[in-house]
Amino acid sequence: MRFLHSLLPLSLALLLSLSASPAFAAQPNILWVSSEDHGPQMGCYGDTYATTPYIDTFAKRALRYTHAWAVAPVCAPTRTTIVTGLHGPSSGGDHMRSMVAYPAGQKMFPQLLREAGYYTTNHTKEDYNLPKTPAVWDASSAQAHWKNRPAGKPFFAVFNSTKSHESQIIKLGTEGKPVHDPAKVRVPAYHPDTPEVRRDWALYYDSVTAADADAGAVLAQLAADGLADDTIIFYWADHGSGMPRSKRWPSNSGLHVPLLVHIPEKFKDLRPADYVAGGSTDRPVSFVDFAPTMCSLAGVKPPEWMQGYAFLGKFIAPPQPYVYGFRGRMDERYDLVRSVTDGRYVYLRNYLPHLSQGQHVDTQFKTPTTAVWKKLYDEGTLNAGQSIFWQTPKSPEELYDLQNDRDEVNNLAASPAHQATLAKFRTAQQAHSRRIRDLGFIPEGERLTRAGTQAPYDFGHDDTKYPYERVFAAAELASSLKPEATPALKKLLTDTDSAVRYWGAIGLYMRGPAIVSGARTEFVRALTDTSPYVRIVAAEALGQFGTPADLATALPVLTSLANWSQHDMFTALAALHALEALGQKKYSLAREAILALPATGPAPDNRYAAYIPRILANLRAKLDAATAPVGEAKKGKRKAAK
């Protein structure tokens, strides 16, 4: 966006003016100005530490949404949901990153706008987990611009800034010299108060200032081109901050985003009833609502298959009581979390509670805050709120009151006074999963195998192929961690559906050594299950909590399934996770087999290619450290933890 920055000295004055220009019939231009990895840490949202003059100025003539939520705390699943109008767990585009087939008969919303006469441009990020066709964008590149449209055509244009991306904090590393004063940072209750954490937060605020400048340049260009009167303008960020426990975690800190919308006077009939220039609204808005809203603004009735609700335009829908979030695989690490908010309370449902929030995602551990935070946890010097990120098991259910606990560290799920609220949110989450036919309850690889040539969405809506209620009930039971569920979980291991058997196995495993010991017969039998995912869980359970003989049986099962040259990458990835979970002392017994595993192999798309090599590199570094001389071993451990 360098070409736009020459206009910045004029930006603040131009943003306050509305320049006259000819109207494009009855259709407004629509401009999205977006940025990455930042929450509502902006002056217009009341953050006095932030330096965001351009969007603060824009906010004086826009409607500010106070309860806007991204659907996922990372970019690709979020952007996939935005462009499709489908929740990621419904389309199958929920994992970071992936590539799955597009639902039959559906279209990305910019294509619908093109069909309605719009010139559509994207500058430049896409990062979709579903394939786009050439019909989506007239132009999607660094040269894409409304200036290139044919005369008389309304435009839908997207300009995205990467200046606030997590990578900006990582790039500066320990040498970063922030402009914002680290001493004035408000350190959230979940982070330790250290110089590294303060510096990273200050660098984050610097990056938001840079993104704000990019936004100011785009808005100044629009005004200079005389298009302000004819253009509906959105400003939004794609999820919460790039700091750990915001990015990749689907709580309010990871999903609460800035959203501001300006609708010019000539299009006042497209405004919501509570629209006031310079005002705010507490209507809950989700990114899944963007696609139907863009259709509504363009005069196109949102298709029935879109899962969101238009909050502006001709086809505006009533406000919804809740918005929803999710977390699936984050790069090389799996988890399964669903979340709900009404703006006051946040509810999280952890379906794999044995996994830590702070799993070793390679990119996340490059942030200095993550490294020092983990070090202090290992040393036992953190308080209760700062320790939650690393602890296992996670609570199967979490409930936070944002009014009294903005940092979400006081879990009210066990509070007698909040049981009615907990039940209300639990019911909302279950109903939502049922409505969208959430695919997250089937292991990723099995989901694709079952779908075959079908899109995951189409497969997921066929109850003969995806018996949703049975699988979902198994997941609910397994992840509850209630010990009295053991007999029912054993029974699940005999079910005809492999996903149900998977939940039976993992449910028993998550309950710990005593339950695994009591289910040893079932786990030994599961080592020969037709599903590799059931076999992997069985081997991990026996290796983790069984006898030395059980470990000797489990290790060859896991190293065999981890061989990428003999199994698909999803099976190999799951087996590598299981090996790693056993701990270095145990998997060292299979040292030679692990060192012989291939780091390359076939993948459905290149977006998956880096994940197995990352896990293997971490395993091998720890194996090398274990056999190195004492001084070298310490160096190796530091390298593996990065």
Derivation and outcome, side chain to side chain donor-acceptor pair (under 3.5 Å), residues Arg349 and Ser479: CA-CA 9 Å; Arg349 181 66 168 90; Ser479 58; 2.9 Å; yes
Find the distance between [atom1] ([X]) and [atom2] ([Y]) and round it off to the nearest 0.5 Å.
| X | Y | atom1 | atom2 | value |
| --- | --- | --- | --- | --- |
| Arg620 | Leu595 | CZ | CG | 6.0 Å |
| Leu448 | Met569 | CG | CE | 9.5 Å |
| Gln41 | Met243 | CD | CE | 10.5 Å |
| Trp503 | Ser498 | CH2 | OG | 13.0 Å |
| Gln307 | Ser90 | CD | OG | 4.0 Å |
| Arg248 | Arg327 | CZ | CZ | 8.5 Å |

Test: [X] and [Y] ion pair at under 4.0 Å:
| X | Y | result |
| --- | --- | --- |
| Lys394 | Asp335 | yes |
| Lys366 | Glu166 | no |
| Arg79 | Asp238 | yes |
| Glu469 | Arg434 | yes |
| Arg607 | Asp127 | yes |
| Asp94 | Arg329 | no |

Testing the basics here: between [X] and [Y], what is the closest heavy-atom pair and its distance to 0.1 Å?
| X | Y | answer |
| --- | --- | --- |
| Thr80 | Ser91 | CG2-OG, 4.5 Å |
| Gly440 | Arg447 | CA-NH2, 3.6 Å |
| Ala72 | Leu255 | C-CD2, 3.3 Å |
| Tyr509 | Val516 | CA-CG2, 3.9 Å |
| Ile442 | Phe459 | CD1-CZ, 3.8 Å |
| Thr392 | Ser356 | CG2-N, 3.4 Å |

Do [Y] and [X] have ring centroids that are under 6.0 Å from one another?
| X | Y | result |
| --- | --- | --- |
| Phe389 | Trp249 | no |
| Tyr608 | Tyr611 | no |
| Phe290 | Trp236 | yes |
| Phe326 | His87 | no |
| Phe441 | Phe472 | yes |

Under the criterion side chain to side chain contact (heavy atoms under 4.5 Å, CB included), I'd like the reasoning laid out for Thr528 against Arg535: C-alpha separation, chi angles, the key distance, then a yes or no. CA-CA 6 Å; Thr528 60; Arg535 298 201 300 274; 5.6 Å; no
Just by distance, do the side chain of [X] and the backbone of [Y] share a donor-acceptor pair under 3.5 Å?
| X | Y | answer |
| --- | --- | --- |
| Asn129 | Gly93 | yes |
| Glu332 | Asp362 | yes |
| His432 | Thr427 | no |
| Thr81 | Pro77 | yes |
| His191 | Pro244 | yes |
| Ser140 | Trp137 | no |
| Glu397 | Leu422 | no |
| Ser253 | Arg245 | yes |
| Asn563 | Leu597 | no |
| Asp289 | Ser286 | yes |

[X] and [Y]: side chain donor to acceptor below 3.5 Å:
| X | Y | result |
| --- | --- | --- |
| Gln168 | Tyr204 | no |
| Asn160 | Glu36 | yes |
| Asp462 | Thr464 | yes |
| Gln359 | Gln364 | no |
| Arg511 | Ser480 | yes |
| Tyr502 | Glu446 | no |
| Trp69 | Asn252 | yes |
| Glu398 | Tyr347 | no |
| Thr369 | Thr367 | no |
| Ser433 | Gln429 | yes |
| Gln454 | Lys465 | yes |

Under the side chain to side chain donor-acceptor pair (under 3.5 Å) criterion, do Ser164 and Ser207 qualify, and how do the steps go? CA-CA 4 Å; Ser164 51; Ser207 74; 5.2 Å; no
If you draw a 6.0 Å radius around NZ in Lys375, do more than 12 non-hydrogen atoms from other residues or ligands fall strictly inside? no
pair [X]-[Y]: side-chain heavy atoms closer than 4.5 Å:
| X | Y | value |
| --- | --- | --- |
| Leu555 | Leu579 | yes |
| Pro456 | Tyr466 | no |
| Pro103 | Leu130 | yes |
| Tyr324 | Arg338 | no |
| Tyr309 | Val288 | no |
| Val323 | His67 | no |

Pair Ser531, Asp529 - check side chain to side chain donor-acceptor pair (under 3.5 Å), show working. CA-CA 5 Å; Ser531 166; Asp529 195 278; 4.5 Å; no
So Asp497 and Arg501, salt bridge (Lys or Arg N to Asp or Glu O under 4.0 Å) or not? Walk me through it. CA-CA 6 Å; Asp497 189 279; Arg501 297 197 303 276; over 6 Å; no
Is the Tyr334 ring parallel, tilted or perpendicular to the His95 ring (thresholds 30°, 60°)? perpendicular
Distance under 6.0 Å and angle within 45° of the ring axis: does Arg470 meet both against Tyr468? no
Selection residues 568-588 - residue pairs positive for salt bridge (Lys or Arg N to Asp or Glu O under 4.0 Å), sequence neighbours left out: Arg333-Glu580
